[in-house]
Asker: 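Shown below is the structure under consideration.
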Amino acid sequence: VNPRSVEAQVQGAAVMGLLWSRYSAQQYDAVLQASDQYNDKLQPRESLTARYLVASAQQELGQHEKAIESFMAMLTAGV
C-alpha cells in the first residue's frame, strides 16, 4: 500500500467531514472558506461532493447567481 495514497485518502475524508459538518450546522460561509482552503486535498470523487456542497451553501447564502454557475459547471464538466 502506498503511504502517500493512504495519507491522501485520510486527508480527503477529513476535509469532507469538515465540509459536511459545517453545512449541517448551517455555517455556509465556513463551507466556502474550508473548500477554498482544502480543495487541493480532495480526490476527484470527493471533489464532486465538495462542489455540490459549495453550490448548495451559495444558494443558502442567497448567492443565487454563483450557485447557478457552480451547479452548471458541475453539469458541463460531465460529472
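Since this is a predicted model, take the numbers as computed values, not measurements.
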Asker: Atom CD in E65, atom OG in S70: separation rounded to 0.5 Å?
Answerer: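 Going from CD on E65 over to OG on S70, the span is 11.0 Å.
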
Asker: Using side chain to side chain contact (heavy atoms under 4.5 Å, CB included) as the criterion, point out the one residue from H64, E69, K66 that pairs with Q58.
Answerer: K66

Asker: With the side chain counted from C-beta on, respond yes when Y28 and S56 share a heavy-atom pair under 4.5 Å apart, and no when they do not.
Answerer: no

Asker: List in chain and number order the residues that pass side-chain hydrogen bond (donor to acceptor under 3.5 Å, both in side chains) with Q11, two or more places apart in sequence or in another chain; answer none if no residue qualifies.
Answerer: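 Scan of Q11 (side-chain hydrogen bond (donor to acceptor under 3.5 Å, both in side chains), adjacent residues dropped) gives E7.
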
Asker: Nearest heavy-atom pair of A55 and A67: which atoms, and what distance?
Answerer: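 Scanning both residues completely, I find the closest heavy atoms to be O-CB, 3.5 Å.
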
Asker: Nearest 0.5 Å, please: how far is CD in Q37 from OG in S35?
Answerer: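 Rounded to the nearest 0.5 Å, the OG-CD separation comes to 10.5 Å.
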
Asker: For a 4.5 angstrom cut-off between non-hydrogen side-chain atoms, does L19 reach Y38?
Answerer: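 Heavy-atom side-chain distance check fails, nothing below 4.5 Å.
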
Asker: Are the side chain of S21 and the backbone of G17 linked by a donor-acceptor contact shorter than 3.5 Å?
Answerer: yes

Asker: Only counting residues at least two apart or in another chain, list the ones meeting side-chain contact (heavy atoms from CB on, under 4.5 Å) with Q43.
Answerer: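 Scan of Q43 (side-chain contact (heavy atoms from CB on, under 4.5 Å), adjacent residues dropped) gives A8, E46.
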
Asker: I need the Q27 CD to Q33 CD distance, nearest 0.5 Å.
Answerer: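 Q27 atom CD to Q33 atom CD measures 10.0 Å (nearest 0.5 Å).
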
Asker: Please determine whether the number of non-hydrogen atoms from other residues, nucleotides or ligands lying under 6.0 Å from atom OH of Y52 exceeds 12.
Answerer: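 For Y52, atom OH is not crowded (no more than 12 foreign heavy atoms under 6.0 Å).
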
Asker: What I'd like to find out is whether the side chain of L61 reaches to under 4.5 Å of the side chain of L32, using heavy atoms alone.
Answerer: yes

Asker: Less than 4.5 Å apart, side chain to side chain, heavy atoms only: is that true for R51 and S47?
Answerer: yes

Asker: Nearest 0.5 Å, please: how far is OG1 in T49 from CE in M16?
Answerer: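 Output value for this atom pair is 4.5 Å.
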
Asker: Under a 4.5 Å cut-off applied to non-hydrogen side-chain atoms, are Y23 and E60 in contact?
Answerer: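 They are in contact (side-chain heavy atoms under 4.5 Å apart), so the answer is yes.
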
